[in-house]
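Order of the sequence lines fixes the chain letters, A, B, ..., with proteins taken first and strands second; residue numbering starts at 1 for each chain.
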Amino acid sequence: MTQIPDSGQRVKFYQTGTFTAGNRLLDAAQRSVQASVERANSLDSGHRACQGCGEALGARYVVDGALRATDNKLIAANATGCLEVFTTPYPESAWRLPWIHSLFGNAPAIGSGIAAALRAKGREDVRVIAQGGDGGTTDIGLGCLSGMFDRNDDVLYVCYNNQAYMNTGVQRSSQTPPAARTATTPVAGAEPGSPPGTGKSVPLIAMAHGIVYVATASVHDLHDLEYKVTRAMGFRGARYLEVFVPCPLGWGSKPADTIKLARLATQCGMFPLFEAEHGELTAATKIRQRVPVEDYLKLQRRFDHVFKPENAHQLDTLRGIAERNVRRFGLLAAEDAS
Amino acid sequence: MSKGSTPETRPFAVTLDVGGSLLNKTGSWRTERPVYVDRLPPCNQACPAGEDIQGWLYRAEEGDYRGAWESLMADNPLPAIMGRACYHTCEDACNRAQLDSAVNIHAVERFLGDLALRENWPAPTAATASGKRVLVIGAGPSGLSAAYHLARLGHSVQIREAGPLPGGMMRFGIPKYRLPRDVLDGEVQRIVDMGVELELNQRVDDIPAALAAGHFDACFVAIGAHIAKRVNIPGADAARIVDAVSFLRDMETGDEQLQLGRRVLVYGGGNTAMDVARTARRLGAEPVIVYRRTREQMPAHDFEIDEALEEGIVVNWLRTITASDEQGFKIEKMALDENGFPQPTGEYETIEGDSLVLALGQNVDQSILTNLPGVTLNDDNVVEVGPDMATAYAGVFAGGDMVPAERTVTVAVGHGKKAARNIDAYLRGETYTSPPKSELASFDSLNTWYYTDAEQTIQPVLDEVRRQTTFAEVYAGLDTGNALFEARRCLSCGNCFECDNCYGICPDNAITKLGPGKRFEFKYDYCKGCAMCVAECPCGAIVMVPEET
């Protein structure tokens, strides 16, 4: 296996290194955007997301980071879905940047349109992001997204992946992992929950388009996420960022555990963090403290049934996914892999 | 509705006004609210001198060594000594030990203490003079600590020391290779420089008379325990037997020393036995420690035993000395019974030995109790005191090795501080009540994901040959670079260290960052009570409390 370099830099020998948002002992340049009192707070207080919403957190991280990277010259298109509903009960909005609501499936196309309009007006200093949930992106919007990639439109598309249609009542999406219970994949039959062998990886689909930059990020690793947003905004052309955002409502987890779940998902291998340029994998964030898949699953009621003896094969399926991710993306540091 | 539109004037199906989400006070969803707390770090809890260890490390982490030292000095006037002589129970309690290895607290303390001596930093200024006079008897760690704290509280203090030099067991019990004398002298001098009178060679036999004659309002007695326990060994030549206290004292005063000879037996298994053996080794002798029980049962600290063994000292466990003759000492082997007590086996052997040092423990000199009605020694031969360190005689307080407690420098310093606070209250006609203790910052309350792996800094150790032949200090200190690193290994258990995590990870922007040194504040108008800040606080400084209904 070729060695995939670790992404991001770590400060050694400080109390908390760069794992916390900031730290009074770190140089300002090494602190995250979120640690600064000058952060944009693009998604402001008073929004109507549930307690402990991972998507609200991920969206603020991404948009604040993109605003800093573009000197606040940024327009956002936003697919219908939780992120639109909880931020913007028209005509009230929690967004503090120019923001356009699209249909469920056409946020990439709206983004393309905004970019085209800016080009026509000679305002290429103003940058564009389009964003949506996994349902709007990977199911309903995939055609528009693929077109945006194909035309190489100057848009960063951000998918907040919480693994189901949460806004409408937790229906299965193409990102729902096997065995997870949703309203449309109930716990019944020999394969309770979402069936094995279904679903898709949109980051890999994006890579197959050969676009300039594709990355995955998670709300538990703020520095890694902000680094990827900044890097993405450093390119012109079509880019794709997928952010892992746990959903306490849809997953049946405690609101306080949102970041913990994101951490566990990456540390067990279920959600690999990587970067790719022009279709080529360029870096993976190594697992720092490897944990069994069970540690991640057992905090979520949507996976309760996989711990029953008769569903042991489902646990094996999920372990297999994690194992393959670890191998495929080179998630272990060199000394751990041996 | 503040913008003034009415249902009639709004477009179809629109119920809100144009505006930002700040109009929507999501704090009303909450059933529990997060609050910032300061918990008691385990190091602080374990410190017999009551140091705010996490507090002074916090200052040191920023490179503010003066501030760190001043914070240390609020509780302990002898940091350079303590950084060497203390058995650092704080490090046994340190939560970091469960992560990689404990913070090398004593090394940072020593670094700060040495820096203060080098830079000649004065003791913190005292309160306004109270006009009260306090007599302190004994210039050991407890007496010096009490004098320092009393002086800081504005009282006029005189110390009377029976010996020729100040320091008590720090000078006459702890060998130079563990505590160089310039360090001891420097820290004592700083207390004298505060205006504390130090009278040497002044033995006090009658406390009430001394108080009356000197117009003292209160007294703190800390004469220690320096009467060596003896054991009768038939046939032994008294000239070849000495007790540990006299031996170590003579080393210090330069008085006529026992001719130890080549082979020195040290009888006992405590820290004093180790000190004697290691001192004898440095004088060129071949010490053999004889102890009745097993290594596990030795009262000496493990690292002291290790260090003694490293220096080539032989230890004979499960042995008692029963007799002596020209050839040497007759030794009986012991065996542990089912209760773990050593019992004689009837098997004997003879060990060659030129001299014997008894390190079997020490008792309190009873003569101090003359004319103190009601004050007596208890069954353990120590003076009973109340939780306020007061004896049964009004105005006379006692601490250190002469009262029931573990006999260490750190405990003694703690007694001095506690006694000073209670004496201060007594002089005002009040009662001292210590502030309530916060909940312990246990390992479970931390989120250790956020801490970087960083192994403990190891202090350089003198090479073994020099350890066996000279009294040079065994452990070297930290320098500015590694002291900072070591301080920054502190997890700051239970106390906010401004990592910005709560501020960064709140999904509702419901936290205000108040700026350096001012920590953070919750915006309860918007906090939904998800408790993510509690879960992701590295040091456990946030808790959820129920909202009032």
Side-chain angles (χ1 to χ4, degrees), chain A residues 10-26 31-37 39 41 43-61 87-96 219-220 222 248 254-260 263 267 288-289, chain B residues 10-11 13-26 29-30 61-63 447 449-454 485 487-492 497-510 512-517 523 525-536 538 544:
Chain A
R10 298 291 180 201
V11 173
K12 279 277 197 186
F13 308 145
Y14 283 89
Q15 207 159 34
T16 55
T18 47
F19 295 112
T20 47
N23 192 329
R24 74 191 202 286
L25 302 175
L26 283 177
R31 302 181 201 179
S32 67
V33 174
Q34 290 303 313
S36 166
V37 289
R39 74 185 189 202
N41 267 336
L43 176 48
D44 211 353
S45 306
H47 63 72
R48 288 157 165 81
C50 307
Q51 274 188 337
C53 175
E55 188 173 33
L57 191 58
R60 191 185 76 226
Y61 286 175
T87 59
T88 313
Y90 182 82
E92 184 190 294
S93 181
W95 289 106
R96 293 169 34 150
V219 285
H220 86 279
L222 182 53
K254 285 198 293 185
D257 283 343
T258 294
I259 289 178
K260 183 180 187 181
R263 186 157 58 230
Q267 299 304 299
R288 184 169 159 235
Q289 293 173 5
Chain B
R10 287 189 199 115
V14 167
T15 56
L16 298 169
D17 289 309
V18 175
S21 57
L22 294 178
L23 295 168
N24 187 32
K25 303 282 174 71
T26 50
W29 303 9
R30 198 175 56 233
E61 284 154 28
E62 296 171 341
N447 186 334
W449 166 264
Y450 291 105
Y451 296 106
T452 318
D453 304 330
F485 168 83
R488 286 178 173 189
R489 294 183 65 243
C490 173
L491 306 179
S492 197
F497 58 98
E498 295 181 26
C499 72
D500 301 321
N501 234 26
C502 53
Y503 175 69
I505 59 96
C506 175
D508 294 292
N509 299 340
T512 308
K513 179 171 170 172
L514 299 173
K523 292 184 232 175
D525 275 355
Y526 299 106
C527 167
K528 293 170 186 164
C530 70
M532 208 135 80
C533 51
V534 176
E536 300 305 321
M544 297 302 286

Check whether [X] gets within reach of chain B through its side chain, its backbone, both or neither, counting any heavy atom under 4.5 Å.
{"X": "A/A59", "value": "neither"}
{"X": "A/Q267", "value": "side chain"}
{"X": "A/R31", "value": "side chain"}
{"X": "A/T258", "value": "both"}
{"X": "A/S36", "value": "backbone"}

Interface residue of largest heavy-atom contact number with chain A, from B/D525, B/V534, B/T512, B/D508, under 4.5 Å
B/D508
Choice from A/A49, A/A56, A/C50 maximising heavy atom contacts with chain B below 4.5 Å
A/A49
Applying side chain to side chain contact (heavy atoms under 4.5 Å, CB included), run through A/E92 and B/S21 and close with a yes or a no.
CA-CA 6 Å; A/E92 184 190 294; B/S21 57; 4.0 Å; yes
Region of [X] that comes under 4.5 Å of a non-hydrogen atom in chain A:
{"X": "B/E536", "answer": "side chain"}
{"X": "B/K25", "answer": "neither"}
{"X": "B/N447", "answer": "side chain"}

Are any of the side-chain heavy atoms of A/Q289 and A/R263 separated by less than 4.5 Å?
no
Does the side chain of B/P538 come within less than 4.5 Å of B/F497's, by heavy atoms?
yes
Side chain to side chain contact (heavy atoms under 4.5 Å, CB included) with B/Y526: which of B/N509, B/N24, B/T26?
B/T26
So, does B/N501 use its side chain to make a donor-acceptor pair with the main chain of A/A21 at under 3.5 Å?
yes
Test side chain to side chain contact (heavy atoms under 4.5 Å, CB included) applied to B/C502 - qualifying residues, sequence neighbours left out
B/Y36, B/I511, B/F520, B/C533, B/I542
Could you tell me whether A/K260 atom NZ has more than 12 heavy atoms of other residues or ligands within 6.0 Å of it?
no
